[in-house]
Amino acid sequence: MKAMGDDDLKENMNNKILWLISLISTGAENYVRDAFAHGTVSVVYYEESTQNHGVFCLVENKDCVIAYAAFIKYSHIDILLDTIANELKPYLMKNEPSELCFNVYEKNSEIIAFVRELGFATDMEVFQLEYLHNESVAITEQASLTEKGFTSDMLEPFIRLFE
């Protein structure tokens with residue numbers, strides 16, 4: 001019987017982490033899988049026990065940092081949230097235009113609420129949050145957009161657009 005080598009153990013752990021990340025979305029799993037292949041994943045916390053089963057990791061690229069948290073169960077939520085806050089602190093302090101996102105398993109409502117308190121805003125779906133470095137800018141400062149409103153005669157073309 002062949003003993004598992006370090007590479008086998010690492011691959012086994014990565015597969016378990018990817019399974020947890022897949023709970024967020026298929027896209028998240030594929031992104032982290034690619035990041036593992038490129039060595040850009042930092043696994044901050046991973047545990048598989050009767051009290052805790054989940055992962056918190058970061059994928060850092062030159063133009064963005066994406067955090068992932070997926071927990072099936074966790075105890076001592078305060079310790080977990082402190083770990084998340086401490087790990088994100090350097091990125092939250094930066095005043096750079098690089099993107100900072102946080103993807104969370106939708107059943108981890110306490111984590112979602114916490115990262116919203118840190119300043120992340122919902123982007124696309126409940127579990128995908130994006131951090132905005134600066135105060136929100138009024139639309140008039142961003143672009144010359146004119147709000148025309150919506151009238152009932154616009155309904156039919158709108159429906160055709162989505163059909």
Side-chain angles (χ1 to χ4, degrees), residues 1-134 136-137 142 161-163:
M1 180 176 204
K2 181 182 169 189
M4 287 183 80
D6 289 342
D7 289 341
D8 293 332
L9 290 173
K10 185 176 179 180
E11 184 178 342
N12 187 36
M13 187 177 94
N14 288 355
N15 286 333
K16 290 178 179 185
I17 289 170
L18 288 169
W19 178 81
L20 288 164
I21 298 296
S22 76
L23 298 173
I24 298 171
S25 73
T26 304
E29 177 189 5
N30 291 336
Y31 191 80
V32 174
R33 182 183 310 281
D34 188 52
F36 271 133
H38 290 93
T40 57
V41 177
S42 298
V43 178
V44 177
Y45 178 92
Y46 171 75
E47 187 174 343
E48 185 180 348
S49 71
T50 56
Q51 293 182 339
N52 299 297
H53 188 177
V55 65
F56 169 57
C57 63
L58 299 170
V59 175
E60 189 169 358
N61 295 313
K62 64 179 180 171
D63 57 346
C64 70
V65 175
I66 304 175
Y68 295 90
F71 288 83
I72 295 173
K73 56 186 167 184
Y74 48 85
S75 58
H76 309 294
I77 186 68
D78 293 336
I79 295 170
L80 178 58
L81 297 180
D82 284 345
T83 301
I84 290 170
N86 289 333
E87 197 64 33
L88 290 178
K89 192 178 221 178
Y91 302 105
L92 297 174
M93 302 294 282
K94 288 182 181 178
N95 211 7
E96 298 176 9
S98 63
E99 188 177 17
L100 177 59
C101 296
F102 201 119
N103 293 301
V104 184
Y105 177 40
E106 64 185 325
K107 292 186 179 180
N108 297 148
S109 57
E110 292 171 301
I111 298 172
I112 292 170
F114 178 72
V115 295
R116 282 185 177 146
E117 288 174 16
L118 292 177
F120 287 83
T122 302
D123 179 32
M124 294 178 64
E125 298 191 36
V126 174
F127 55 80
Q128 188 172 355
L129 305 157
E130 182 177 0
Y131 183 73
L132 305 174
H133 288 283
N134 301 321
S136 60
V137 180
Q142 290 180 350
L161 174 67
F162 285 98
E163 288 178 340

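Below, all heavy atoms of this structure are taken into account, side chains as well, without hydrogens, waters or symmetry copies. Numbering starts at 1 and runs along the sequence shown. Nothing here was measured: the structure is a model prediction, and the numbers come from that model.
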Are I111 and F102 close enough that some pair of their side-chain heavy atoms sits under 4.5 Å apart? yes

With a 4.5 Å cut-off on side-chain heavy atoms, are V65 and E60 touching? yes

Do H53 and L20 come close enough that some side-chain heavy atom pair is under 4.5 Å? yes

Sorted by chain and number, sequence neighbours left out, side-chain contact (heavy atoms from CB on, under 4.5 Å) with N14 holds for K10, F36

Looking at N52 and S75, would you say the former's side chain and the latter's main chain have a donor-acceptor pair under 3.5 Å? yes

Can you list every pair that meets salt bridge (charged side-chain N to carboxylate O under 4.0 Å, His left out) and has a residue in residues 79-89, with sequence neighbours left out? none

Report yes if the side chains of Y74 and N108 come closer than 4.5 Å at any heavy-atom pair, otherwise no. yes

Got Y91 and L58 here, is their nearest side-chain heavy-atom distance under 4.5 Å? yes

Could you work out, with side chain to side chain donor-acceptor pair (under 3.5 Å) as the rule, every residue matching T50, not counting sequence neighbours? none

What pairs meet the salt bridge (charged side-chain N to carboxylate O under 4.0 Å, His left out) rule with one or both residues in residues 18-27, with sequence neighbours excluded? none

So F120 and L88, do their side chains get closer than 4.5 Å, heavy atoms only? yes

Contacts satisfying salt bridge (charged side-chain N to carboxylate O under 4.0 Å, His left out) that involve residues 24-52 (not counting sequence neighbours) are K16-E48, E29-R33

Which atom names give the shortest non-hydrogen contact between A35 and V59, and what distance separates them? CB-CG1, 3.5 Å

Looking at N12 and D8, would you say the former's side chain and the latter's main chain have a donor-acceptor pair under 3.5 Å? no

Inter- and intrachain pairs under salt bridge (charged side-chain N to carboxylate O under 4.0 Å, His left out), touching residues 70-81, at least two apart: none

Evaluate the side-chain proximity of I72 to L23: yes if any heavy-atom separation is below 4.5 Å, no if none is. yes

